[in-house]
Chemist: 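Structure in structure tokens, see below.
All chains are named by letter (A, B, ...) in the order of the sequence lines, taking the proteins before the strands, and each is independently numbered beginning at 1.
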Protein chains: 2
Amino acid sequence: MVYNNSVDSKPGSVYIPPARRHQTPRRAMHEPAYLHIANTIADRIGAGEYRPGDQLPTESQLRREFGVSPATIRRAVNILLDRGLVTTTQGKGTFVRSLDIGEAVFRLQQITEMWTGGGDAEVLLLEARIVPAHGQVCFMLRLEPGDPLVYMRRLIKRAGIPLIYQVEHVLYDEHRPLVETQLQITSLDGLLMAGHAEGVPSGRLTIQAVSLDHEAARQLAVPPGSPAFCLEHLFRDFEGRPVSWGMFLCRADQFRLTTHIGVSPGGEEG
Amino acid sequence: MVYNNSVDSKPGSVYIPPARRHQTPRRAMHEPAYLHIANTIADRIGAGEYRPGDQLPTESQLRREFGVSPATIRRAVNILLDRGLVTTTQGKGTFVRSLDIGEAVFRLQQITEMWTGGGDAEVLLLEARIVPAHGQVCFMLRLEPGDPLVYMRRLIKRAGIPLIYQVEHVLYDEHRPLVETQLQITSLDGLLMAGHAEGVPSGRLTIQAVSLDHEAARQLAVPPGSPAFCLEHLFRDFEGRPVSWGMFLCRADQFRLTTHIGVSPGGEEG
DNA sequence: CAGTGGTCTAGACCACATG
DNA sequence: ATGTGGTCTAGACCACTGC
């Protein structure tokens with residue numbers, strides 16, 4: 001079957017006629033069945049009805065209980081699977097996982113929301129000039145020492161409080177309008193969009209704890225040696241060549257990452 | 001339709017006969033079609049074939065191109081969706097997203113792997129005693145001041161290097177065998193399983209940058225004031241009551257979190 | 001061998017957006 | 001009204017596990 005006929009709707013088929021199709025016997029409407037099923041099972045796990053190590057009802061049993069097709073059950077189980085609540089092994093069954101700290105994932109969005117949430121944040125361009133590459137920058141951006149690149153420093157403030165001190169190196173290439181674009185970025189949206197320009201499809205981010213040096217501490221208005229998150233970023237173009245490298249230094253007293261493991265706390269209806 | 005007949009296999013149905021069923025015309029075999037399609041599209045985005053803002057081919061076009069059913073295309077698009085590569089809006093289409101730093105997610109597994117990867121890590125129980133609750137612990141575990149709880153300190157070393165200094169408070173309840181279990185945990189697997197015992201289905205984790213105080217710095221063999229990751233954990237039982245609160249202090253020079261955004265770098269076959 | 005999860009099909013119906 | 005994504009069905013086939 002090549003499956004290239006146009007988008008169906010030939011009357012008289014192998015389908016059950018529209019008679020007695022459940023219009024919306026759904027529980028709260030506008031919640032898909034697969035989501036409802038996934039949430040229901042998750043709630044049972046959270047309530048201890050299904051305990052870690054237990055085998056879940058088989059998909060046949062589940063589809064009988066919920067009265068849906070196999071595919072819908074499969075989709076629900078897949079959701080639980082990548083929520084980390086269960087494991088499945090083919091031929092054996094689906095089992096409730098015990099809680100593993102390693103499952104936790106932290107979303108960087110929590111940090112970016114800090115300066116996109118309220119509209120009163122501002123970006124100050126402290127410095128921007130063309131400098132010759134040297135030291136570690138050469139290695140990160142794969143440049144020869146002396147190659148020109150754009151060096152920039154920015155400060156992000158909110159309600160008068162400095163939050164983030166950013167240092168960035170960008171490839172200097174007169175064939176790309178990158179530089180002009182970069183220099184003008186004193187808006188927030190621009191800083192969030194990686195590379196701040198088109199042609200950047202991928203990047204690597206690293207976060208670690210650091211102590212602030214004198215200059216960074218001065219800009220962030222904290223004592224030297226204060227702790228901070230260091231968010232290092234490296235962006236590449238379509239050919240995989242690095243085009244931008246830098247770091248965001250985030251005051252530790254202003255930033256934290258929080259997440260939940262196991263059954264989510266915002267457990268709505270059951 | 002109640003859909004409770006047993007698991008099918010009645011011969012002679014509405015299905016196309018096994019004649020000319022593609023056994024494995026799959027590209028590298030053992031790769032599902034939906035995954036292959038998702039990866040193929042992701043590669044095109046990474047190569048700049050589909051640019052940010054562009055509309056992807058409609059699902060009808062895609063299913064013609066790949067010769068699969070609508071459901072398979074949908075599944076592939078869903079994968080791209082929660083990889084953050086595209087957005088979909090009903091009635092309009094599927095569009096390539098421009099890279100957003102906020103999309104990044106960091107997996108805590110990177111940290112736990114540090115002491116589960118090699119087998120030469122060890123856990124030292126520095127202290128364990130029953131103390132009356134006081135101060136912030138009362139608030140976190142919802143206790144009255146003076147209520148008994150178990151106070152523990154542990155040190156995780158690897159290859160002789162101290163990596164993590166852990167402080168933990170656990171509810172003292174003689175009806176639960178929690179205490180005995182807790183005290184014996186000097187193994188790594190036990191530390192990873194949240195709550196270290198059954199009955200803990202959910203938890204909250206927070207990570208932030210801190211400066212080490214004298215005691216922590218001494219245990220970790222670094223100068224006081226050195227930076228560190230502070231991983232705070234709070235676990236709850238099936239009724240939602242907090243049962244355990246503590247923190248892992250991780251030497252900054254030993255731990256970092258790395259992630260990738262956009263098209264993944266380990267892009268295999270195209 | 002039967003039971004389980006994993007994949008896929010060929011449609012249908014719905015909700016939404018646009019001209 | 002047409003085209004888009006979003007959901008779902010009824011059933012098939014496959015791979016794996018365990019008896």
Chemist: Measure CD1/I79(B) against C1'/dG5(D) and give the value in whole Å, please.
Modeler: 17 Å
Chemist: Nearest of dT4(C), dT4(D), dG11(C) to any side-chain atom of P70(B)?
Modeler: dG11(C)
Chemist: In a check of side-chain contact (heavy atoms from CB on, under 4.5 Å) between R63(B) and each of I73(B), T58(B), T72(B), I37(B), which one passes?
Modeler: I73(B)
Chemist: Rounding to a whole Å, what distance do you find between L35(B):CG and dT7(C):P?
Modeler: 8 Å
Chemist: Report the C-alpha separation of L171(B) and F235(B) in whole Å, then their side-chain angles, then the decisive distance to 0.1 Å, and conclude whether the side-chain contact (heavy atoms from CB on, under 4.5 Å) test is met.
Modeler: CA-CA 11 Å; L171(B) 235 65; F235(B) 297 121; over 6 Å; no
Chemist: Is any side-chain nitrogen or oxygen of Y34(A) closer than 4.0 Å to OP1 or OP2 of dT7(D)?
Modeler: yes
Chemist: What class does the angle between the rings of F66(A) and H36(A) fall in, given that below 30° is parallel, 30 to 60° is tilted and above 60° is perpendicular?
Modeler: perpendicular
Chemist: Over how many whole Å does the gap from N78(B) atom CG to dG5(D) atom P extend?
Modeler: 12 Å
Chemist: For R256(A) and T258(A), test the side chains for any donor-to-acceptor distance below 3.5 angstrom and give the result as yes or no.
Modeler: no
Chemist: Nearest-Å distance, CD1 (I73(A)) to P (dA10(D))?
Modeler: 13 Å
Chemist: What integer distance in Å separates L80(A):CG from dG5(C):C1'?
Modeler: 14 Å
Chemist: Write down the distance between CD (E59(A)) and P (dC16(D)), rounded to a whole number of angstrom.
Modeler: 17 Å
Chemist: Of the candidate nucleotides dT9(D), dT7(D), dA10(C), which contains the atom at the shortest distance from the side chain of V68(A)?
Modeler: dT9(D)
Chemist: Please work out which residues in residues 85-94 of chain A have a non-hydrogen atom less than 4.0 Å from an atom of DNA chain C and list them by number.
Modeler: T88(A), T89(A), Q90(A), G91(A), K92(A), G93(A), T94(A)
Chemist: Can you list the residues that meet the side chain to side chain contact (heavy atoms under 4.5 Å, CB included) rule with T89(B), with sequence neighbours excluded?
Modeler: K92(B), F95(B)
Chemist: Which listed nucleotide (dT7(C), dT4(C), dT9(D)) is nearest to the side chain of P32(B)?
Modeler: dT7(C)
Chemist: Side chain of T72(A) only, heavy atoms from C-beta on: which candidate in dT4(C), dC8(D), dT4(D) is closest?
Modeler: dC8(D)
Chemist: Could you tell me the separation between the CZ atom of F66(B) and the P atom of dA10(C), rounded to a whole number of Å?
Modeler: 17 Å
Chemist: Would you confirm whether T259(A), through its side chain, and F106(A), through its main-chain N or O, come within 3.5 Å as a donor-acceptor pair?
Modeler: no
Chemist: Which residues satisfy the side chain to side chain contact (heavy atoms under 4.5 Å, CB included) test with E103(B), sequence neighbours excluded?
Modeler: R97(B), D100(B)
Chemist: Over all strands shown, is R75(B) touching base, sugar-phosphate only, or nothing at heavy-atom distances under 4.0 angstrom?
Modeler: sugar-phosphate
Chemist: Nearest whole angstrom, please: distance from the C1' of dT9(C) to the CD1 of I37(B).
Modeler: 13 Å
Chemist: Which nucleotide in the list dC8(D), dG11(D), dC8(C) gets nearest to the side chain of A33(B)?
Modeler: dC8(C)
